[in-house]
Number of protein chains: 2
Amino acid sequence: MVAMATKTQRAERRTDALSKERIVEAAIDILDADGEGALTFRALTARLATGAGAIYWHVANKGELLAATTNDVIARVMTEAADGAEPREAIRAIALGVFDALDAHPWVGAQLSREPWHSAMLQIFEGFGEQLEALGVPPEEQFDCASALLNYILGLAGQYAAGAARVPEGTDRTAFLASVAAQWSQLDEAEYPFIRRVAVQLPDHDDREQFLAGLNLILTGITATRDVS
Amino acid sequence: MVAMATKTQRAERRTDALSKERIVEAAIDILDADGEGALTFRALTARLATGAGAIYWHVANKGELLAATTNDVIARVMTEAADGAEPREAIRAIALGVFDALDAHPWVGAQLSREPWHSAMLQIFEGFGEQLEALGVPPEEQFDCASALLNYILGLAGQYAAGAARVPEGTDRTAFLASVAAQWSQLDEAEYPFIRRVAVQLPDHDDREQFLAGLNLILTGITATRDVS
DNA sequence: ACCTGAACACCGTTCAAGT
DNA sequence: ACCTGAACACCGTTCAAGT
């Protein structure tokens, strides 16, 4: 909040002094490289060649550190998925931007679903709200609509976080999905008819397309409701 | 998978021997009473008056234990939200069933979003799929539609988990929301116009109603798409 | 003001030993 | 077969001490 005004102080004076930015950067590197489990204060102190206390001087605790890393990634998405476009397209751009960010940084998913009404999420929420306004959705409905969009994206976030954790390091995605599909088709026919049917589609389905399809369902719902009333 | 066949052995012989069921039960009690952070093996051994090793004899690790507790809660929901009703109503029943379960056991949310294609989630997914079939959604679209519904619900799950963790023990919900709303209205007008506008609606909005509104958006999208094509 | 690093309390998990 | 509980490795966090 209010924050980042500190950024104004000249950035060129690159002593290698510790700073919250440097710590966050190092944390993101570790998270990207080796996942959530690898981000420990010991790993951080090793990478930054410092002591644990030094980090605590800049950052209150691990929670704040994780919030800051997530914020960083999402802020980047929101400035890139700039507006200008037609509202529905802008909503898709935001959503897909988040999707791609989760794809690149799977650990963000876990963070997002734990940080409900805070910073990163507010940015996304605001983005949706503004576009809904531009779309002509009446004010009383904007809250519900923006919530639905946000909820949908957060569901994805969780999936991604968990999925990434699940896929073993070496295996590629399609091989993994094929093995899941194999498990699905061994489920009890009487109890899981739908899942068995859908198993064949799993290996070569496109996550991003499926995500977009669901998003379009919601967008259709939003427009349809409005046209009718 | 395949599992639970062990259940066939007579259950009446209630010695107070340890069993996976008793452990899961105790875990749920602890989780409900004091939240996720309170579930430690030491707390469990104390409550069950046993040693750590005894628990490990019945349960592989903490992950499996958490999965089992989540499974328990969701399985209960799915049997209660029985079918028979009109498909759209059945889908709402499942979704609201999950909603209410999350309300009663907030820690389930965190679990659900970490357990992507496993047991508890498969049950929900199957439930949606069958109702979509009953609704007449063409097979090629069922996968995407069920995914959208599941994603939406999981988003809620994450929110709930985080929200519950955030609300301090003593405070009641509306007071908490009021304080969040107060924070929102102090955000920068230029950066967060939408959130500032929506802040007034926050304190007395009904989560369950809002959840249902979003669900109806998706259901409308599903039906609309189908009617048009 | 900023950093060091040993120390603390507390985890999940293991395992030799009991019955 | 099932249980005990001390021991291990590893966390996040603190804090007296340095510069």
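The sequence lines fix the lettering, A, B, ..., with proteins before strands; numbering per chain opens at 1. All values below were derived from every heavy atom in this structure, side-chain atoms included, with hydrogens, water molecules and symmetry-related copies excluded.
The line from CG of B:L96 to CG of B:D103 is 11.5 Å long, rounded to the nearest 0.5 Å. Taking CH2 of B:W107 as the start and CD1 of B:I30 as the end, the distance is 11.0 Å to the nearest 0.5 Å. Rounded to the nearest 0.5 Å, atoms CD1 (B:I195) and CG (B:L202) are 10.5 Å apart.
The aromatic rings of B:F143 and B:F125 stand perpendicular to each other, their planes meeting at an angle above 60°, with 30° marking the opposite boundary.
Between B:H58 atom NE2 and D:dC3 atom C1' there is a gap of 8 Å when expressed in whole angstrom units. One interatomic measurement links the two molecules: CZ of A:R22 to C1' of C:dC2, which rounds to 14 Å at whole-angstrom precision.
Each of B:V98, B:L31, B:V108, B:L112 was evaluated against B:V73; a single residue qualifies, B:V108, per the side chain to side chain contact (heavy atoms under 4.5 Å, CB included) test.
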message = Does the protein touch nucleotides 7-19 of chain C at the base, only the backbone, or not at all? Give it as B, S and - per nucleotide, heavy atoms under 4.0 Å.
response = B---BBBBB----

key: Intra- and interstrand pairs of DNA chain C - dot-bracket, Watson-Crick/G-U under 3.5 Å, | marks other strand   = ||.|||||...|||||.||

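Checked against a 6.0 Å centroid threshold, the rings of A:F194 and B:F128 do not count as neighbours.
With respect to B:K20 and B:E64, a salt bridge is recorded, a charged nitrogen being found less than 4.0 Å from a carboxylate O.
Taking atom P on both D:dC2 and C:dA17, the two are 22 Å apart, rounded to the nearest angstrom.
For residues 24-70 of chain B, every residue pair satisfying the ring-ring contact (aromatic ring centres under 6.0 Å, His included) rule, not counting sequence neighbours, is listed here: B:F41-B:Y56.
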